[in-house]
Peer 1: 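My structure is below; once you've seen it, I'll send some questions.
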Amino acid sequence: MARHLITSAIPYINGVKHLGNLVGSQLPADLYARYLRGRGHEVMFICATDEHGTPAELAAAKAGQPVADYCAEMHAVQAELGRGFRLSFDHFGRSSSARNHVLTQHFAGRLAEAGLIAEVQEMQVYSVDDGRFLPDRYIEGTCPNCGYDKARGDQCENCTKQLDPADLIDPRSAISGSRNLERRATTHLYLRQSVMRERLDAWIGAKTDWPVLTTSIAKKWLHDGDGLQDRGITRDLDWGVPVRKGAEPWPGMEGKVFYVWFDAPIEYIAATAEWADAHGLPEAAWRRWWREDEGAGDVRYTQFMGKDNVPFHTLSFPVTIMGSGEPWKLVDFIKSFNYLTYDGGQFSTSQGRGVFMDHALALLPADYWRWWLLSHAPESSDSEFTWENFQASVNKDLADVLGNLVSRVTKFCRSKFGETVPEGGETGPREAALAADLGQRIAAYDAAMAAIEVRKAAADAGRDPGSATNTSRPPPPGRPSRPTPRRPRRRRASRSTSSASMRCCRARSSPTRPRR
RNA sequence: GGGCCUGUAGCUCAACGGUCAGAGCAGGGCGCUCAUAACGCCUUGGUUGGGGGUUCGAAUCCCUCCGGGCCUACCA
């Protein structure tokens, strides 16, 4: 009996997520949470929507809505889809919550006191007609290297050369197409990650049991070039957490907000506070999960995310936590995933390419998707979704093997024993062999789940019951030992062990396929 | 350019320096019938991307070449 804090990377607000997003964070986190609850542990499973940043503002503008309304609506849509997929969050929060505003400002204040925030004046591109500063990738122009006319300010996607917006020929706003751009001076706050480099390096270096994907990305950022660089944590936007130093104003930073990657991970904490608020619980109820000095000393904290989120969770967020000088809970294990691909290419929200959560649920029950996604989770490398594979897997694993077993056992039971499940009779060597076999499978499954090896766990959970089938089969033709297995008493034993096997199968598979 | 991951049977994946490289699916054969055109048993199939090296021993470690993918700090 232990206490487990589990967070899934929080999905961005702009639209319905695709299966790649789902399998990379929310779904495996749900699997783990369900498993641990099933084992009797105390679990706090947190997710939320990530609502700030430029894309949210643009998506709202495109929808012709105020950004707050747009986010509220999309949050409701994502929450509903989460329920549709049976994601068992204890709370599905919002990074735009009042709780997150307060906490984000609190952390910024603590970091400033610790000397970990620097104010930096820099020049950025401002679009007069759009009335906003443009991130590099929102500036379009002709690539000076290859002549491609839709190169982005950060990189030309045609020749892959990295660019600076100043390099672009004929630069224009990617939002409006306006060429009325100018460079303006603006001041931003930087998180001085570089001064924490040694400490982060030692911390990551000690995590020898983490997935290679997680540690290799972190180490690359720590050691590449001049090492870990400081990172801007503010933006010139309207929508976001206003920059404040704790409860105090921050002179010179009026009208600016924190960068979404500063406030998004803090939302894990804030969402737990939102959970307490939603249940009318006192502060202590959520703080016992997050403050080591207030009861979180025995909590094991596991994060789930796609590989694109790894730098923020291995570096920036730990700097926020460590740098605060307060005993907030630091992550114990980071499980990261590669990408799911779709027919050879990437899933793409912007291009509408792939299978999206709403479409998937409209087509087939959530369990079909959960089973396929978890049993094919992109753990060691990217993995591919194809309709053929999905169809074959669902038909074989779920309908043929599992469905048929249940159908068969129940029908047989009814035909021989009526409407009552018979008591177990005498057990013999076959039942003992079955029990031993199941014991081994459960042990293998437990080991895989403990290590959060999703594919392996799914394979162990779904693997049949072949032994159950064997137990209730007549003896093989070559060895006519007829009388014994034909006696009703033996049948009852077989029946009860078969149904035990079925129950066992159900227990193992319930985290994967909660409906069954 | 740099870094990381990856390449194993037709397909999806195991094997993490040590018995003939294994499973599931697909293919072939046989069987069973209590079951869902289901299930069970048996079976075909691999020069582990190519080449070189280290080692008593290499899918595994090293070098090199070829292919696929991701990241590269202002998308999130």
Side-chain angles (χ1 to χ4, degrees), chain A residues 9-14 21 50-56 58 122 124-125 133-139 152-155 160-162 164-165 174 188 193 211-221 223-225 228-232 234-236 259-261 264 306-312 315-316 338-339 341 344-346 349-350 372 375-376 378-384 386 388-389 392-393 395-416 453 455-456 459 462-466 468-470 472-478 491 494-495 498:
Chain A
I10 65 179
Y12 199 65
I13 193 71
N14 66 340
N21 298 129
D50 179 14
E51 307 194 357
H52 299 138
T54 308
L58 297 181
E122 56 197 12
Q124 288 193 356
V125 174
F133 282 93
L134 297 178
D136 289 355
R137 69 166 48 199
Y138 283 96
I139 304 164
R152 292 189 321 217
D154 55 342
Q155 185 174 37
T160 75
K161 185 178 173 61
Q162 287 187 52
D164 184 274
H188 283 296
Q193 304 182 132
V212 179
L213 186 62
T214 304
T215 53
S216 67
I217 292 173
K219 285 175 182 173
K220 155 74 171 163
W221 281 59
H223 301 299
D224 190 44
L228 186 61
Q229 302 296 300
D230 295 342
R231 185 156 196 140
T234 53
R235 292 290 183 272
D236 288 292
Y259 172 43
V260 350
W261 263 116
K307 57 186 165 183
D308 51 335
N309 285 345
V310 168
F312 303 101
L315 306 168
S316 313
N338 285 285
Y339 290 146
T341 61
Q346 283 198 48
T349 303
S350 57
W372 190 89
S375 59
H376 294 79
E379 285 180 301
S380 57
S381 63
D382 291 353
S383 65
E384 184 168 25
T386 63
E388 292 74 18
N389 189 303
S393 180
N395 283 346
K396 190 69 195 176
D397 300 342
L398 299 187
D400 293 353
V401 175
L402 183 61
N404 178 58
L405 171 72
V406 172
S407 161
R408 172 192 183 205
V409 170
T410 48
K411 279 186 182 173
F412 180 79
C413 205
R414 169 180 265 176
S415 71
K416 303 298 178 194
E453 293 181 16
R455 283 179 106 122
K456 193 181 282 185
R463 182 168 306 154
D464 172 21
T469 313
N470 282 338
S472 48
R473 286 179 63 77
R491 270 200 216 126
S494 292
R495 258 332 82 189
S498 278

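In the text below, chain A, chain B and the rest are named by the order of the sequence lines, each starting its count at 1.
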Peer 1: Ignoring backbone atoms, establish whether Tyr259(A) has a side-chain N or O less than 4.0 Å from OP1 or OP2 of rC75(B).
Peer 2: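 False: Tyr259(A) side-chain N/O out of range (4.0 Å or more) of rC75(B) OP1/OP2.
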Peer 1: Using Watson-Crick or G-U wobble geometry with both distances under 3.5 Å, which nucleotide pairs with rC75(B)?
Peer 2: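 WC or wobble partner does not exist here.
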Peer 1: Run Gln124(A) and His188(A) through side-chain contact (heavy atoms from CB on, under 4.5 Å) and show every step you take.
Peer 2: CA-CA 11 Å; Gln124(A) 288 193 356; His188(A) 283 296; 3.8 Å; yes
Peer 1: When rounded to the nearest Å, what value does the distance between C1' atoms of rU47(B) and rG24(B) take?
Peer 2: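 Nearest-Å result for rU47(B) against rG24(B) at atom C1': 25 Å.
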Peer 1: Grab the CD-C1' distance between Glu122(A) and rA73(B) for me, whole Å please.
Peer 2: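 So the two atoms are 13 Å apart, to the nearest Å.
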Peer 1: Give one of base, sugar-phosphate or nothing for Ser216(A), where a contact means two heavy atoms less than 4.0 Å apart.
Peer 2: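 Sugar-phosphate only.
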Peer 1: When all nucleic acid strands are considered with a 4.0 Å heavy-atom cut-off, which category describes Gln124(A): base, sugar-phosphate, or nothing?
Peer 2: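 Base, at least one base atom sits under 4.0 Å.
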Peer 1: Counting any heavy atom closer than 4.0 Å, what does Glu51(A) reach on the DNA or RNA strands: base, sugar-phosphate only, or nothing?
Peer 2: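 Result for Glu51(A) = nothing.
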Peer 1: Please verify the inter-ring angle class for Phe312(A) with Trp221(A); under 30° counts as parallel, over 60° as perpendicular, anything in between as tilted.
Peer 2: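 Geometry flag for Trp221(A) against Phe312(A): tilted rings.
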Peer 1: For Tyr259(A) and Arg231(A): C-alpha separation, side-chain torsions, deciding distance, then whether side-chain contact (heavy atoms from CB on, under 4.5 Å) applies.
Peer 2: CA-CA 10 Å; Tyr259(A) 172 43; Arg231(A) 185 156 196 140; 3.9 Å; yes
Peer 1: Run the side-chain contact (heavy atoms from CB on, under 4.5 Å) test on Asp308(A) and Tyr339(A) for me, step by step, so that the C-alpha distance in whole Å, both residues' side-chain angles and the decisive distance to 0.1 Å come before the verdict.
Peer 2: CA-CA 9 Å; Asp308(A) 51 335; Tyr339(A) 290 146; 3.2 Å; yes
Peer 1: Can you see which heavy atom on Lys307(A) is nearest to which on Asp382(A), and at what distance?
Peer 2: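 Scanning both residues completely, I find the closest heavy atoms to be NZ-OD1, 3.1 Å.
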Peer 1: Select base, sugar-phosphate, or nothing to describe what Ser393(A) touches, counting heavy atoms under 4.0 Å on all strands.
Peer 2: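 Nothing, no heavy atom under 4.0 Å.
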Peer 1: Can you find a donor-acceptor N/O pair under 3.5 angstrom joining the side chain of Asn404(A) to the base of rA38(B)?
Peer 2: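 Result: no qualifying N/O pair found.
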Peer 1: Which nucleotide in the list rC11(B), rC34(B), rC70(B) gets nearest to the side chain of Tyr339(A)?
Peer 2: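 Of the options given, the side chain of Tyr339(A) lies nearest rC70(B).
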Peer 1: If we call it a pair only when both distances are under 3.5 Å in a Watson-Crick or G-U wobble match, what pairs with rU47(B)?
Peer 2: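 Across any shown strand, rU47(B) pairs with none.
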Peer 1: Which base sits across from rC32(B) as a Watson-Crick or G-U pair, both distances under 3.5 Å?
Peer 2: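 Paired with no nucleotide.
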Peer 1: Calculate the interatomic distance between Asn14(A) atom CG and rA76(B) atom P; express it in whole Å.
Peer 2: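 Result: 10 Å.
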Peer 1: Quote, to the nearest angstrom, the P distance that separates rC56(B) from rC65(B).
Peer 2: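 After rounding to an integer number of Å, I get 28 Å for this pair.
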Peer 1: If only side-chain N and O atoms of Arg137(A) are considered, is one of them under 4.0 Å from the OP1 or OP2 phosphate oxygen of rC75(B)?
Peer 2: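 For Arg137(A), the contact criterion (side-chain N or O under 4.0 Å from OP1 or OP2 of rC75(B)) is met.
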Peer 1: Find the distance between CG (Leu213(A)) and OG (Ser381(A)) and round it off to the nearest 0.5 Å.
Peer 2: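 Result: 10.5 Å between the selected atoms.
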Peer 1: Starting from C1' on rA35(B), measure out to CZ on Arg414(A) and report it in whole angstrom.
Peer 2: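 One finds 14 Å between C1' of rA35(B) and CZ of Arg414(A), rounded.
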Peer 1: Where the side chain of Val212(A) is concerned, which of rA76(B), rC5(B), rU72(B) is the nearest nucleotide?
Peer 2: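 Ranking rA76(B), rC5(B), rU72(B) by closest atom to the Val212(A) side chain puts rC5(B) first.
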Peer 1: At 4.0 Å (heavy atoms only), tell me whether Asp50(A) reaches a base, stays on the sugar-phosphate, or touches nothing.
Peer 2: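 The residue Asp50(A) makes sugar-phosphate contact but no base contact.
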Peer 1: Give one of base, sugar-phosphate or nothing for Lys307(A), where a contact means two heavy atoms less than 4.0 Å apart.
Peer 2: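 The answer is sugar-phosphate, as Lys307(A) gets under 4.0 Å only of primed atoms, P, OP1 or OP2.
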Peer 1: Quick one: list whatever passes side chain to side chain contact (heavy atoms under 4.5 Å, CB included) with Asn389(A), sequence neighbours left out.
Peer 2: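 Residues passing side chain to side chain contact (heavy atoms under 4.5 Å, CB included) with Asn389(A): Trp372(A), His376(A), Thr386(A), Ser393(A).
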Peer 1: Using a 4.0 Å heavy-atom cut-off across all strands, classify Thr54(A) as base, sugar-phosphate, or nothing.
Peer 2: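 Here Thr54(A) touches the backbone only, sparing every base.
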Peer 1: Closest approach to the side chain of Ser383(A), judged atom by atom: which nucleotide of rC70(B), rC34(B), rC13(B) is it?
Peer 2: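 So the side chain of Ser383(A) is nearest to rC13(B).
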Peer 1: Given atom CG of Leu402(A) and atom P of rG24(B), what is their separation to the nearest angstrom?
Peer 2: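 Between P of rG24(B) and CG of Leu402(A): 17 Å.
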Peer 1: In this structure, how many angstroms lie between the C1' atom of rG3(B) and the CD1 atom of Ile217(A), rounded?
Peer 2: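 Whole-Å distance recorded here is 11 Å.
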Peer 1: What's Ala392(A) touching, base or sugar-phosphate or nothing? Going by heavy atoms closer than 4.0 Å.
Peer 2: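 Ala392(A): no heavy atom of the nucleic acid under 4.0 Å.
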Peer 1: Given rU12(B), is OP1 or OP2 found less than 4.0 Å from the side-chain N or O atoms of Lys396(A)?
Peer 2: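 For Lys396(A), the contact criterion (side-chain N or O under 4.0 Å from OP1 or OP2 of rU12(B)) is not met.
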Peer 1: Using a heavy-atom cut-off of under 4.0 Å over every strand shown, decide if Asp308(A) touches base, sugar-phosphate, or nothing.
Peer 2: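 Touches a base.
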Peer 1: Which nucleotide sits closest to the side chain of Val401(A): rC70(B), rC39(B), rA73(B)?
Peer 2: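 Closest nucleotide to the Val401(A) side chain: rC39(B).
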Peer 1: Among the candidates rU6(B), rG2(B), rG69(B), find the nucleotide nearest to the side-chain atoms of Lys220(A).
Peer 2: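 Selected nucleotide: rG2(B).
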Peer 1: When we call it a touch if two heavy atoms are under 4.0 Å apart, what does Phe133(A) touch: a base, just sugar-phosphate, or nothing?
Peer 2: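 Nothing: the residue Phe133(A), judged by heavy atoms under 4.0 Å, touches no strand.
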Peer 1: Work out how far the P atom of rG69(B) is from that of rC13(B), and round it to whole angstrom.
Peer 2: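 Approximately 15 Å lies between the P atom of rG69(B) and that of rC13(B).
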Peer 1: Quantified in whole Å, what is the P atom distance between nucleotide rU19(B) and nucleotide rC34(B)?
Peer 2: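 Taking atom P in both rU19(B) and rC34(B), they lie 45 Å apart.
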Peer 1: Can you tell which of rU6(B), rC39(B), rA76(B) lies closest to the side chain of Ser381(A)?
Peer 2: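 For Ser381(A), the side-chain atoms sit closest to rU6(B).
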Peer 1: If I pick the P atom on rG67(B) and the same atom on rC74(B), what distance separates them, to the nearest angstrom?
Peer 2: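 Approximately 32 Å lies between the P atom of rC74(B) and that of rG67(B).
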Peer 1: With rounding to whole Å, what would you report as the distance between rG68(B) and rC25(B) at their P atoms?
Peer 2: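 Taking atom P in both rG68(B) and rC25(B), they lie 32 Å apart.
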Peer 1: Name the nucleic acid region contacted by His376(A), choosing base, sugar-phosphate or nothing; use a 4.0 angstrom heavy-atom cut-off, strictly under.
Peer 2: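 Sugar-phosphate contact only.
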Peer 1: Given atom CG of Asp400(A) and atom C1' of rA37(B), what is their separation to the nearest angstrom?
Peer 2: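 In whole Å, rA37(B) C1' lies 10 Å from Asp400(A) CG.
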Peer 1: Have a look at Leu213(A) and say if it touches a base, only the backbone sugar-phosphate, or nothing, with a 4.0 Å heavy-atom cut-off.
Peer 2: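 Contact class for Leu213(A): none.
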Peer 1: Take Ile10(A) and Glu51(A) through the side-chain contact (heavy atoms from CB on, under 4.5 Å) test and state the conclusion after the steps.
Peer 2: CA-CA 9 Å; Ile10(A) 65 179; Glu51(A) 307 194 357; over 6 Å; no
Peer 1: Provide, to the nearest angstrom, the distance between the CG atom belonging to Asp136(A) and the C1' atom belonging to rA76(B).
Peer 2: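 It works out to 15 Å between those atoms.
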Peer 1: Could you tell me which nucleotide pairs with rG7(B) by Watson-Crick or G-U wobble geometry, both distances under 3.5 Å, or answer none if nothing does?
Peer 2: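 Check on rG7(B): paired to rC66(B), both distances under 3.5 Å.
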Peer 1: Need one value for Asp154(A): base, sugar-phosphate or nothing, where a base atom within 4.0 Å counts as base even if backbone is also close, heavy atoms only.
Peer 2: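 Touches sugar-phosphate only.
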Peer 1: Below 4.0 angstrom from OP1 or OP2 of rC13(B), is there any side-chain N or O of Arg455(A)?
Peer 2: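 For rC13(B), OP1 or OP2 has a side-chain N or O of Arg455(A) closer than 4.0 Å.
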Peer 1: Please name the nucleotide paired to rA23(B) by Watson-Crick or G-U wobble geometry with both distances under 3.5 Å, or report none.
Peer 2: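 Answer to the pairing question: rU12(B), which forms a Watson-Crick or G-U pair with rA23(B).
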Peer 1: Could you tell me how far rA14(B) sits from rG7(B) if I compare only their C1' atoms? Round to whole Å.
Peer 2: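 It comes out at 15 Å once rounded to the nearest Å.
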Peer 1: Rounding to an integer number of angstrom, what distance separates rC16(B) and rG50(B) when you compare their C1' atoms?
Peer 2: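 One C1' to the other, the span is 24 Å.
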Peer 1: Figure out the CH2/P separation between Trp372(A) and rC11(B), and round it to whole Å.
Peer 2: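 Nearest whole value for this atom pair: 16 Å.
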